**Student:** 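I have a structure here, written as structure tokens, and I will follow up with some questions on it.
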Amino acid sequence: MPVFEDIALLRVNYLRGPSIWTYREVLEVWLDLGKLEDFPSNKIEGFAGRLKAWLPGLIEHHCGVGERGGFLMRLDEGTWCGHILEHIIIELLNLAGMPTAFGQTRSTSQPGVYRMVFRARDEQVARAALREGHRLIMAAINDQAFDVPAAVAAIREVIDERYLGPSTTAIVDAAFERRIPAFRLNDGNLVQLGYGAAQKRIWTTETANTSAIAEGIANDKDMTKTLIQICGVPVPEWQIAASAQQAWEAAQDIGLPVVVKPSDASRNRGVFVNLQTQEEVEAAWHAAEPHGYEVMVERMVPGNEHRLLVVGGRVVAAARSESLKVTGDGVLTVQQLVQAQLNSDPHRRSAAAAEDGAGEEAAVAVQAVDVQQPDVLRELKAQDLTPHSVPARGKLVLIQRSSTVVVDCTDEVHPETAEAAALAARVVGLDIAGVDVMAQDIARPLAEQGGAVIEVNAGPGLLMHLRPAVGSPQPVGQAIVEYLFPTPPLQDGADLSGRIPIIGIAGRHGTTGIARLVGWLLHLSGRHVGVACRQGIFLDKRLIDRRASDHWEAGNRLLMNQQIEVAVIENSPRSILAEGLSYDRCHIGAVTDMAGHEELADYDIQEKQQMTRVLRTQVDVVLASGVAVLNADDEQITALAPLCDGALVFYASDATARQRWLQEQQAQDGQQGDEPAPDAAQARWVLPGESVLELHDEAGCERIEDWTALCQHAATLGLQQTQLLAAVAMAWTMGIAPELIGAGIRTFDPRLPGLQAARKQALV
């Protein structure tokens, strides 16, 4: 069997938005198979068998066959290595814990060269998967050893470094379910939900509505208790102790047993419970003091600890930290019982492993129980036991009052307790809070059982509610998204939460002038407008960046701006091919021309007809409540109309285009006579008349007067009539009155400082 050279990776390009492939992010790879072009999978000895052995999960890949095992059928029959690499990468991502299913491989005009894409939400993860998949396929082709678990671990390591934490992920996933756009603003958990002025920002479970003052209060347990007690929330008695001696005096005043902890404790660091002697209290004070600026002594409240999640003034989830007990059998020691009845659970981790963990995962991990821990020894001592004692058969032995075994108890919370938790969050000032409650039975009011609220926490973790050890996961991500974006009445069947109107303009010639004019007309209508075009980035009338900006980054910068109420974004064919669109959906998607294929040979675009696949991207992303604005002078553009989920607005240089369109619709629908097809009748048209511009819709016809004079004025600015028609169509679609559109054209001044002499060329 010949030894094959590596498949050449000619170009690797991450498309960060909707593209010719799909609506989501993908990594696009140009491959040169070399001699492997003549060797499909069935002609490489042992290749298919090695792949099946290394990646048994490939049987779940349906491929184009559409059924389980479909890809393996293709593998046995003979398929090319670009297609195989696509499926290898997808399977490696699945094994690494980032499930994906989308991938495509297409040939190009060059023999042996293919374009392969696969879905990945992060560029670095995608590149790691490509690297490992490339190594794996070459090892399988050349019958070399390959360590699949090591490859999966390498990808998982990048996922762990790059991906959002579980709380943030839950919120982002919930936003995705609502079709609310979301993107990361840093390498951590700072995320923007929505666009422009409609956006909300989250940082884990803190939101733009989370007050810094409220967070400061929550971090000070002494102040928190003082405020919520004044408002009627039950709290345990407490005192601040400046020394170990004061701690013991406070414990005597309050009554034993007590809890000693820092007043700004976090994640139970420096917290000691069930203290009953002077020696224990003073030792606990010395241990707690390094973890905070003050040490608090408070009454030990009987029962289990409960975390109630409050979102927007109401409890949306509750979880109980179960106490740990073992049952004696008259034979085994306490230590042996703990090992047999508790630590035998395969989900428990050693204390060392738990200490090595990070973030929220470690916070709720089911850890192994170490009977030599001080809190365990104290509990045993209170029961006259040691780790080496042998409890009688049937005797219950308390090991820990609070543990990492989390039980969902959302449906059990008594209404009075839920109201107390919500009140505590309101008093502190937190919109999202984790309220810790000690109670023997969360289904009963706190007052009748001596229960109390012991803490109110800002930025609470969600993992305990998403993955309880016992009980059902709670939709806490959805609750937070609903709080941030209350579900409004649907607009034409669409939930537009978090969205501002986005106008995307795609084409090669004249789109800069169109974008500038549309931005000006929207500005005159009283809206804060952002424009990203080849002349730069504009905020209202102000140029803020002169660099060429018909690309993804410029559009993304607009959509991050909290001032922007409407965004106008120019998209060249090259930017669509190189980066994708900077938005997931738009209110208006305009296609002005199909020119420019001569400049795109490096993307294997050889003829004008291929431009349809490129520029249809702009029409594909129009919202169902949105509008496609199409140049009806070009039949290749009008052919995009059926691809639009929303309404249609056509513009043309004369009325013949409309007649042609109506006739085509009648022919397609099999209708006879002069009546247009129903869908065609709903399309709106912008057409020049005799010295006026006619705006046709189902309600009739509006007019912009002195059209000839407006065109002559625009010509002095370097604008052609077709550019005016496109801009008018978009402005009209945005609800701007014809009179204001006419006035806007008369007052439009596209000149930039230092660029007056070149303005005509810049706008074409």
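In this text the structure is predicted, and so the values were computed from the model without any measurement.
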**Student:** Tell me which pairs pass ring pair (Phe, Tyr, Trp, His ring centres under 6.0 Å) where either residue lies in residues 24-45, with sequence neighbours left out.
**Tutor:**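 Qualifying pairs: Phe4-Phe39.
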**Student:** Hey, what's the ring geometry for His87 with His61, parallel, tilted or perpendicular (30° and 60° as the breaks)?
**Tutor:**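 Ring orientation of His87 relative to His61: tilted.
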**Student:** Would you call Gln606 and His597 a side-chain contact if the rule is heavy atoms closer than 4.5 Å?
**Tutor:**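 No, every pair of side-chain atoms sits at 4.5 Å or beyond.
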**Student:** Nearest 0.5 angstrom please: Leu36 CG to Leu33 CG, how far?
**Tutor:**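 Spacing of CG (Leu36) from CG (Leu33) equals 6.0 Å.
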**Student:** Can you give each donor-acceptor pair under 3.5 Å made by side-chain atoms of residues 157-164, sequence neighbours left out, with the distance rounded to 0.1 Å?
**Tutor:**
residue: Arg162; atom: NE; partner: Asp122; partner atom: OD1; Å: 3.2
residue: Arg162; atom: NE; partner: Asp122; partner atom: OD2; Å: 3.4
residue: Arg162; atom: NH2; partner: Asp122; partner atom: OD1; Å: 3.2

**Student:** Testing the basics here: between Leu463 and Pro166, what is the closest heavy-atom pair and its distance to 0.1 Å?
**Tutor:**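 The pair with the smallest heavy-atom distance is CD1-CB, 3.7 Å.
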**Student:** Other residues, nucleotides and ligands only: do more than 12 of their heavy atoms fall within 6.0 Å of CZ on Arg115?
**Tutor:**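 Enclosed: over 12 neighbouring heavy atoms sit under 6.0 Å from CZ of Arg115.
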**Student:** Taking the side chain as C-beta and beyond, is there a heavy-atom pair between Leu623 and Cys586 under 4.5 Å?
**Tutor:**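 No - every pair of side-chain heavy atoms lies 4.5 Å or more apart.
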**Student:** Checking the side chain of Asn42 only, and the main-chain atoms of Glu77 only, is there a donor and an acceptor separated by less than 3.5 Å?
**Tutor:**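 Judged by distance alone, yes, a pair lies under 3.5 Å.
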**Student:** Looking at Tyr14, I want to see if its OH is surrounded by more than 12 non-hydrogen atoms of other residues, nucleotides or ligands under 6.0 Å.
**Tutor:**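 It does: Tyr14 OH has more than 12 such atoms within range.
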**Student:** If you measure from OG1 on Thr79 to CE on Met73, what distance do you get to the nearest 0.5 Å?
**Tutor:**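 It comes to 12.5 Å.
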**Student:** Is there a side-chain contact between Ile576 and Leu581, using heavy atoms and a 4.5 Å cut-off?
**Tutor:**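 SC-SC contact between Ile576 and Leu581 confirmed.
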**Student:** Show the nearest heavy-atom pair for residues Met116 and Gly82, with the distance to one decimal.
**Tutor:**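 Nearest heavy atoms, Met116 then Gly82: CG-O, 3.9 Å.
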**Student:** Think Arg16 forms a cation-pi with Phe183, using NZ or CZ under 6.0 Å from the six-ring centre and within 45 degrees of its axis?
**Tutor:**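 So Arg16 doesn't make the cation-pi contact.
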**Student:** Assess, by modelled atom type and distance only, whether the side chains of Tyr114 and Glu37 contain a donor and an acceptor separated by less than 3.5 Å.
**Tutor:**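 Looking only at side-chain atoms, Glu37 and Tyr114 do form a donor-acceptor pair, the distance falling under 3.5 Å.
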**Student:** Check step by step if side-chain contact (heavy atoms from CB on, under 4.5 Å) holds for Leu136 and Leu51.
**Tutor:** CA-CA 9 Å; Leu136 188 153; Leu51 276 187; 3.6 Å; yes
**Student:** May I ask you to check whether Gln618 and Asn571 show a side-chain donor-acceptor distance below 3.5 Å?
**Tutor:**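 The answer is yes; a qualifying pair exists.
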**Student:** Assess the side chains of Tyr195 and Asn556: does a donor N or O sit below 3.5 Å from an acceptor N or O?
**Tutor:**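 Their side chains do not contain a donor-acceptor pair, so the 3.5 Å distance test is not met.
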**Student:** Between Arg156 and Leu95 (side chain of the first, backbone of the second, donor and acceptor by atom type, cut-off under 3.5 Å), is there such a pair?
**Tutor:**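 Answer holds: yes.
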**Student:** Of the non-hydrogen atoms in Gln535 and Leu543, which two are nearest, and what is the gap between them?
**Tutor:**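 That closest heavy-atom pairing would be O-CD1, 4.0 Å.
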**Student:** Is it true that Arg106 and Asp604 have a side-chain N and a carboxylate O under 4.0 angstrom from each other?
**Tutor:**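 No.
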**Student:** For the atom pair OH (Tyr603) and CD (Gln610), what is the distance rounded to the nearest 0.5 Å?
**Tutor:**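 Atom-to-atom, Tyr603:OH and Gln610:CD are 14.5 Å apart.
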**Student:** Please determine whether side-chain contact (heavy atoms from CB on, under 4.5 Å) holds for the pair Met594 and Ile637, giving the CA-CA distance in whole Å, both sets of side-chain angles, and the decisive distance to 0.1 Å.
**Tutor:** CA-CA 7 Å; Met594 289 282 181; Ile637 296 177; 3.7 Å; yes
**Student:** With a 3.5 Å distance limit and no angle check, can you tell me whether Gln199 reaches the backbone of Gly196 through a side-chain donor-acceptor pair?
**Tutor:**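 Present.
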**Student:** If we only count heavy atoms from C-beta on, is the Ile20 to Leu15 side-chain gap below 4.5 Å?
**Tutor:**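 No, too far: nothing below the 4.5 Å cut-off.
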**Student:** Closest heavy-atom contact between Arg534 and Gly507?
**Tutor:**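 Closest heavy-atom pair between Arg534 and Gly507: NH2-O, 4.3 Å.
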**Student:** Donor-acceptor check, side chain of Ser41 to backbone of Leu75, threshold 3.5 angstrom: yes or no?
**Tutor:**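 Such a contact is found between Ser41 side chain and Leu75 backbone.
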**Student:** In this structure, are over 12 heavy atoms from other groups packed under 6.0 Å from Asp187 atom CG?
**Tutor:**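 No, the 6.0 Å shell around CG holds no more than 12 heavy atoms from other groups.
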**Student:** Got Phe71 and His83 here, is their nearest side-chain heavy-atom distance under 4.5 Å?
**Tutor:**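 The answer is yes, as the side chains (C-beta and beyond) meet within the 4.5 Å cut-off.
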**Student:** Would a distance-only check, ignoring hydrogens and angles, find a side-chain to backbone donor-acceptor pair under 3.5 Å from Arg119 to Thr100?
**Tutor:**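 The answer is no, because no donor-acceptor pair under 3.5 Å joins these two groups.
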**Student:** If you look at every heavy atom in Ala174 and Gln478, which pair is closest and at what distance?
**Tutor:**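 Minimum heavy-atom separation between Ala174 and Gln478: CB-N, 3.5 Å.
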**Student:** I'd like to know if the side chain of Asn186 reaches the main chain of Gly188, judged simply by a donor and an acceptor atom lying under 3.5 Å from each other, with no hydrogens or angles considered.
**Tutor:**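 Flag set: sc Asn186 to bb Gly188 pair under 3.5 Å.
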**Student:** Using a strict threshold of under 4.0 Å (side-chain N to carboxylate O), is an ion pair present between Asp602 and Arg574?
**Tutor:**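 Looking at Asp602 together with Arg574, the answer is yes, because their closest N to O distance falls below 4.0 Å.
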**Student:** So Leu462 and Ile171, do their side chains get closer than 4.5 Å, heavy atoms only?
**Tutor:**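 Yes - at least one pair of side-chain heavy atoms lies under 4.5 Å apart.
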**Student:** In this structure, which one of Thr612, Asn631, Leu615 forms a side-chain contact (heavy atoms from CB on, under 4.5 Å) with Gln636?
**Tutor:**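 Filter result, single survivor: Thr612.
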**Student:** Just how far is it from atom SG of Cys81 to atom NE2 of His134, taken to the nearest 0.5 Å?
**Tutor:**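 The SG atom of Cys81 sits 10.0 Å away from the NE2 atom of His134.
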**Student:** Could you tell me which non-hydrogen atom of Val113 sits nearest to which non-hydrogen atom of Thr108, and how far apart they are?
**Tutor:**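 Val113 and Thr108 have their closest heavy atoms at O-OG1, 2.9 Å.
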**Student:** The test is side-chain contact (heavy atoms from CB on, under 4.5 Å); show your working for Val29 and Leu27 and say whether it passes.
**Tutor:** CA-CA 6 Å; Val29 186; Leu27 191 73; 4.1 Å; yes
**Student:** May I ask you to decide whether Asp545 forms a salt bridge with Arg557, counting only side-chain N to carboxylate O separations under 4.0 Å?
**Tutor:**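 Salt bridge: yes.
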**Student:** Nearest 0.5 Å please: distance from the CG atom of Leu58 over to the CD1 atom of Ile88.
**Tutor:**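 Here the rounded value is 7.0 Å.
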**Student:** Just wondering, do Val125 and Leu93 contact through their side chains at under 4.5 Å, heavy atoms?
**Tutor:**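 The answer is yes; the side chains approach within 4.5 Å.
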**Student:** Does the pair Arg585/Asp620 count as a salt bridge with the N-to-O cut at 4.0 Å?
**Tutor:**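 A salt bridge is absent here (no side-chain N lies under 4.0 Å from a carboxylate O).
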**Student:** Start with the C-alpha distance between Cys533 and Phe538, add both sets of side-chain angles, then the distance that settles side-chain contact (heavy atoms from CB on, under 4.5 Å), and finish with yes or no.
**Tutor:** CA-CA 8 Å; Cys533 64; Phe538 295 81; 3.9 Å; yes
**Student:** Do Arg178 and Phe485 form a cation-pi contact, if we require the NZ or CZ to be under 6.0 Å from the six-membered ring centre and within 45 degrees of the ring's axis?
**Tutor:**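 That pair does not qualify as a cation-pi contact.
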**Student:** More than 12 heavy atoms of other residues, nucleotides or ligands under 6.0 Å from CH2 of Trp54: yes or no?
**Tutor:**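 Enclosed.
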**Student:** Determine whether a donor-acceptor pair (N or O, by modelled atom type, separation under 3.5 Å) exists between the side chain of Asn561 and the backbone of Gly530.
**Tutor:**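 Not at all, since once roles are kept as given, no pair shorter than 3.5 Å links the two residues.
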**Student:** Does Arg613 count as lying over the ring of Trp21, i.e. NZ or CZ under 6.0 Å from the six-ring centre, within 45 degrees of the axis?
**Tutor:**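 Ring-cation test returns yes.
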**Student:** Just by distance, do the side chain of Thr169 and the backbone of Gly165 share a donor-acceptor pair under 3.5 Å?
**Tutor:**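 Answer holds: yes.
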**Student:** About how many Å separate CD of Glu86 and CD1 of Ile137, when rounded to the nearest 0.5 Å?
**Tutor:**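 Those atoms lie 11.0 Å apart.
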**Student:** Could you tell me if the side chain of Pro181 sits less than 4.5 Å from the side chain of Leu193, heavy atoms only?
**Tutor:**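 No, every pair of side-chain atoms sits at 4.5 Å or beyond.
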**Student:** Mind checking ring-ring contact (aromatic ring centres under 6.0 Å, His included) for His587 and listing every partner two or more places apart, or none if nothing turns up?
**Tutor:**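 So His587 forms no ring-ring contact (aromatic ring centres under 6.0 Å, His included) with any residue.
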